[in-house]
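Take a look at the structure set out below.
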Amino acid sequence: MMPIGSTVELTSASDALVRGRQRAILMPDLLIEARRIVSTVIAGWHGRRRRGVGENFWQFRPFVEGEQVSRIDWRRSARDDHVYLRDREWEAAHTVWLWADPSPSMRYQSQAAQVSKESRALVLVLALAELLSRSGERIGYPGVMDPISARNAAERVAAVLMGDRPQHDFPPDDRLKRFSEIVIISDLLDPLDEILERVDRIGRRGIRGHLVMIADPAEETFPYAGRTEFRDPESGGRLTAGRAETLREEYSEIYMARRETMAQHCRRLGWSFIPHRTDRLASEALVALHARLSGVPQATGRRS
């Protein structure tokens, strides 16, 4: 039996950052058209920083009579003869969480693809971080990095991932807040009912999501023939088919029905669903994500 694909080594986050930036420069700066909600405002083409309610430190400024004494920063004030207030940043920038599936199945790469699913997912995540940070958006990575607003957000995400790859098979949602958005890039090969339940759990929290289904071309076209051994990279289980080509039609029907079920489920939630194959250009998926994040309606039956 000649192998059609294999499992590859983990992709270096620094290498993915370089490729992500190469993809990012192929399209204009990303604008997220945030919905007008209570504490989230986008000014013009960029997020806006101003004093107000938030979690992050913004600046020190001199105390003015009538201000709340409780906001005085005594440590800073002790440095000289002035009294200073500690201002927090008003969270005007939209928060977007990014997630690349770390499951072992993502490291599969067939002869028809130049990269593994894991590599492509990381490149897309870092390309999005680069584009979003240029527009002043807050970037977070569930379970790894809290949201930050920084021009070098892509570099910081890559640096964190080099030493702290997530262990969850789906984004932990304990830090996700209402009115934020999340981009999940995964091969979505877990049991379908589990995937839909996880998506529902995040959606019920008032979070808008974008699901990118990464597939190796071999997973979609099923090019196997003759005696073929299939191995599950997660459990190590093996299945041997005497004539694999006889399974192609039934496999294709099940695969496409599964994908359509996920697409319909996302539409009902107000989420977007983008299928993407690793033999296609990464920039195609990036453009599709740009449109979904910007609120452009999704065309049905379109593949990136």
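Side chains are part of it too, since the values below use all heavy atoms of this structure and drop only hydrogens, waters and symmetry mates. Numbers for residues simply follow the sequence, beginning at 1.
- A salt bridge does not link E118 to R107: none of the charged nitrogens lies less than 4.0 Å from a carboxylate oxygen.
- I214 pairs with exactly one of I274, D101, I185, L188 by the side-chain contact (heavy atoms from CB on, under 4.5 Å) rule, that one being I185.
- Within 6.0 Å of CZ in R243 there are 12 or fewer heavy atoms belonging to other residues, nucleotides or ligands.
- Ion pair D187/K117 flagged as a salt bridge, since at least one NZ, NE, NH1 or NH2 atom sits closer than 4.0 Å to an Asp/Glu carboxylate oxygen.
- A distance-only check finds a donor-acceptor pair linking the side chain of D216 to the backbone of S110 [under 3.5 Å].
- Ring geometry for F222 versus F230: interplanar angle under 30°, hence parallel rather than tilted (30 to 60°).
- In summary, E253 and R259 do not engage in a salt bridge, as defined by a charged side-chain N under 4.0 Å from a carboxylate O.
- Every side-chain contact (heavy atoms from CB on, under 4.5 Å) that R201 has, sequence neighbours left out, goes to D173, E197, R198, R204.
- In this structure, the separation between CG on L289 and CD on E284 is 12.5 Å, given to the nearest 0.5 Å.
- In terms of modelled atom types and a separation under 3.5 Å, the side chain of T228 and the main chain of Y224 share no donor-acceptor contact.
- Between the side chains of S272 and R292, no donor N or O sits under 3.5 Å from an acceptor N or O.
- Under the rule for a side-chain contact (heavy atoms from CB on, under 4.5 Å), the partners of D279 that lie at least two apart in sequence or sit in another chain are P217, R277.
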